[in-house]
Structure formats: C-alpha cells, structure tokens
Amino acid sequence: MDSANGDKPLRKISEAFKDIANCINSQNPQQLELAPFSQACSLVSPLFRCLGIAFKFAEMDYVAKVNDLCETSKSISTLQLMMERDIEENCVRKPGSHTRNLLRVKRGLDMVRVLFEQIITSEDNSLKNPASKAYAEVFSPYHGWAIRKAVAAGMYALPTKAQLLQKLNEDEVSAKSEMQNYVTASTLVVLYIDKLFLSRELGTDW
C-alpha cells in the first residue's frame, strides 16, 4: 500500500461496502451473496496492517477469517445458507466454523467503523485516542488481560493520522469523505449481520 502507485484503497473499501449496503436495501435483502461480501471484507485487511503492531493480532485473525469466508464462497452462495449449514451440523460455536468466523469478521468491520468515526471528528494528528476507543468498544470485551496489555503498549507505535493518510494515498478532505461513506454503509452491514445471528437465536456476545 504505497502512495506512489496511485492506488486508492480507502475508495475501494467505501465503494465495495456501499454496494453491499445497496444489496441489503434492495427488494430482496433476505439473501446476501457470500462472494461479494467476503471480497469487500478482504479489501479492509491492509488497514489493519497500516496500524502497526497494536493491531497485529487483529490483522492476523481478521485475514484468516476472511480467507475462510472467501474459500467458502466457492461452494456456498449466501451468508444465510452458510449459517444454516453450521446450525444443521451443530458446529456454530466451534473454533473454525464459518459462522464463528463471520462473527469475528463482523467485529473487525465494526472496529474500523468506530476508528473512522473517531478520526473524522478528531482534529488531533495522533491516532492513539481514536484507536484506543475503537479497540475498547469492539474488541476489548472479548480479550484477556495479556492481549489487552499488548494492545495498550502497541498504541504508542501507531502511525500519525498524516502518515496513515499518506499510506492510503488520500488528503484529509478526501479521506474523511471516504471514511464517512464506509461508516454509513458498514453501519447497515453490521446491523444486518447482527440480525442474522439474533433471528436464529445464536447471540453475538461470544
């Protein structure tokens, strides 16, 4: 992810999730295709890498889970069908299940949403407060003391906002616009996924 090559990863992310949100808002939102969803999620992976060591654990976990969903999309067409198969096989909460991986990916998307919300409203060049708030809100409740301590230490090695924007090949105005587009779209996507879990009485706090 180098600004010199003219790539616009943030724009790709926001456009991909706008497409997913449009599908959810369409006339037949009951079935969401797994392939475009997992592909959109894969575009988010480099963002964790940009955040450095503080989110190294999140990057590794998120990438592995997204890769599983991408591979699964070759044989299972929709999120709903994927979840129903796991329910039938009584493996929803087992490590490595596709449904469990979907829940973890959803948290990754939500963490980026909160991070972007904080960056948009902050005038500070430091990302420590936005990243700390995003971690505390989304990931911290599910992590043990050792991981939380490692993340806290890694927060001091975060790039500055200016450095992050340079990596993303954006200026502040364009970045805020694309971040807001992602926030709007991902809010709908996360809510949709939560409803998939809750409507099947699977819960989301595990």
Side-chain angles (χ1 to χ4, degrees), residues 1-26 29 32-33 35-63 65-67 69-70 104-139 151 154-193:
M1 187 177 289
D2 185 352
S3 61
N5 64 13
D7 196 19
K8 292 281 188 178
L10 198 54
R11 182 179 301 174
K12 289 180 180 178
I13 292 167
S14 69
E15 289 178 351
F17 277 89
K18 279 195 290 185
D19 288 343
I20 300 298
N22 288 337
C23 289
I24 292 172
N25 281 328
S26 69
L32 182 60
E33 291 187 11
F37 171 78
S38 57
Q39 176 59 32
C41 293
S42 71
L43 297 174
V44 178
S45 301
L47 281 175
F48 288 103
R49 199 173 309 128
C50 287
L51 294 173
I53 194 170
F55 287 91
K56 184 64 177 177
F57 75 96
E59 178 197 348
M60 294 173 64
D61 187 63
Y62 180 85
V63 169
K65 270 49 172 185
V66 170
N67 285 345
L69 296 183
C70 288
R104 300 305 190 270
V105 168
K106 188 267 297 189
R107 285 186 192 138
L109 300 178
D110 209 23
M111 195 288 296
V112 173
R113 176 189 64 81
V114 178
L115 175 67
F116 282 179
E117 285 179 336
Q118 296 297 321
I119 291 175
I120 289 169
T121 57
S122 173
E123 297 299 324
D124 196 347
N125 191 39
S126 171
L127 293 182
K128 185 174 182 295
N129 283 338
S132 296
K133 288 178 181 178
Y135 176 78
E137 182 173 328
V138 179
F139 284 144
V151 171
M155 290 294 179
Y156 293 95
L158 286 166
T160 64
K161 180 164 66 174
Q163 289 170 335
L164 177 64
L165 297 187
Q166 184 177 17
K167 290 180 180 181
L168 297 174
N169 196 27
E170 301 282 354
D171 59 36
E172 188 150 352
V173 173
S174 66
K176 284 188 175 182
S177 175
E178 299 298 352
M179 287 180 182
Q180 184 58 58
N181 288 338
Y182 173 83
V183 167
T184 301
S186 64
T187 298
L188 183 63
V189 173
V190 166
L191 180 61
Y192 179 84
I193 295 173

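Quick caveat: nothing in here was measured; it's all calculated off a predicted structure. Values reported hereafter were calculated over all heavy atoms of this structure, with side chains retained and with hydrogens, waters and symmetry mates removed.
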When rounded to the nearest 0.5 Å, the distance separating NZ of Lys128 from CD of Gln118 is 13.0 Å
Closest non-hydrogen atoms of Ala134 and Leu115, given as atom of the first, atom of the second and distance, are CB-N, 3.7 Å
The salt bridge (charged side-chain N to carboxylate O under 4.0 Å, His left out) partners of Arg107 (sequence neighbours excluded) come to none
- Side-chain donor-acceptor contact under 3.5 Å, Glu170 with Ser174: yes
- Item | Side-chain heavy atoms of Leu43 within contact of Gln39, under 4.5 Å | yes
CA sep, side-chain torsions, deciding dist, call: Leu165, Asp171, side-chain contact (heavy atoms from CB on, under 4.5 Å):
CA-CA 6 Å; Leu165 297 187; Asp171 59 36; over 6 Å; no
Margin query: Distance to the ring centre below 6.0 angstrom and angle to the axis at most 45 degrees; does that hold for Lys56 and Phe48?
Written below: no
Interatomic distance, SG@Cys50 vs CG@Leu127, rounded to 0.5 Å, equals 10.5 Å
Q.
Checking the side chain of Asn169 only, and the main-chain atoms of Asp7 only, is there a donor and an acceptor separated by less than 3.5 Å?
A. yes
Q) Is there side-chain contact between Phe17 and Val44, with heavy atoms separated by less than 4.5 Å? A) yes
Parallel, tilted or perpendicular for Tyr135 and Phe55, by the 30°/60° rule?
perpendicular
To the nearest 0.5 Å, atom CG of Leu51 lies from atom CG of Leu164 at 6.5 Å
- Heavy-atom side-chain proximity of Leu47 to Leu168 below 4.5 angstrom: yes
One should read off an interatomic distance between Glu33 CD and Ser38 OG, to the nearest 0.5 angstrom, of 10.5 Å
Pair Val189-Ile193, side-chain contact (heavy atoms from CB on, under 4.5 Å): steps then yes or no:
CA-CA 6 Å; Val189 173; Ile193 295 173; 4.0 Å; yes
Please report the C-alpha distance between Ser122 and Asn129 in whole Å, then the side-chain angles of each, then the deciding distance to 0.1 Å, and finally whether the side-chain contact (heavy atoms from CB on, under 4.5 Å) criterion is met. CA-CA 9 Å; Ser122 173; Asn129 283 338; over 6 Å; no
Next on the checklist: Any heavy-atom pair between the side chains of Glu178 and Ile13 that's under 4.5 Å?
Outcome noted: no
- Task: Run the salt-bridge test on Lys133 and Glu137 with the 4.0 Å N-O cut-off and return the result as yes or no.
- Result: no
Rounding to 0.5 Å, atoms CG (Leu32) and CZ (Phe37) come to a distance of 7.0 Å
Scanning both residues in full, the closest heavy-atom pair of Val105 with Lys65 reads CG2-CB, 3.5 Å
All heavy atoms of Leu109 vs all of Tyr182, minimum pair found to be O-OH, 2.9 Å
With a 4.5 Å limit on heavy-atom distance, are the side chains of Ile120 and Glu117 in contact? no
Practice task
Please confirm whether the backbone N or O of Cys41 pairs with a side-chain atom of Tyr62, one donor and one acceptor, at under 3.5 Å?
Solution key: yes
* To do: Dump the intermediate steps for side-chain contact (heavy atoms from CB on, under 4.5 Å) on Lys161 and Glu172, then the final yes or no.
  => CA-CA 9 Å; Lys161 180 164 66 174; Glu172 188 150 352; 3.3 Å; yes
Polar side-chain atom of Glu15 near backbone of Lys12 as donor-acceptor pair, under 3.5 Å = no
Taking every heavy atom of Ala54 against every heavy atom of Leu158, the minimum-distance pair comes out as CB-CD2, 4.2 Å
| task | Ignoring hydrogens and angles, tell me if any N or O in the side chain of Asn125 forms a donor-acceptor pair with the backbone of Ala162 under 3.5 Å. | result | yes
| query | Counting N and O atoms only, with roles assigned by atom type, does the side chain of Asp110 sit under 3.5 Å from a partner on the main chain of Lys106, one being a donor and the other an acceptor? | reply | no
Handout entry: Polar side-chain atom of Ser177 near backbone of Val173 as donor-acceptor pair, under 3.5 Å
Key = no
Here the gap from Leu10 atom CG to Asn181 atom CG, rounded to the nearest 0.5 Å, amounts to 9.0 Å
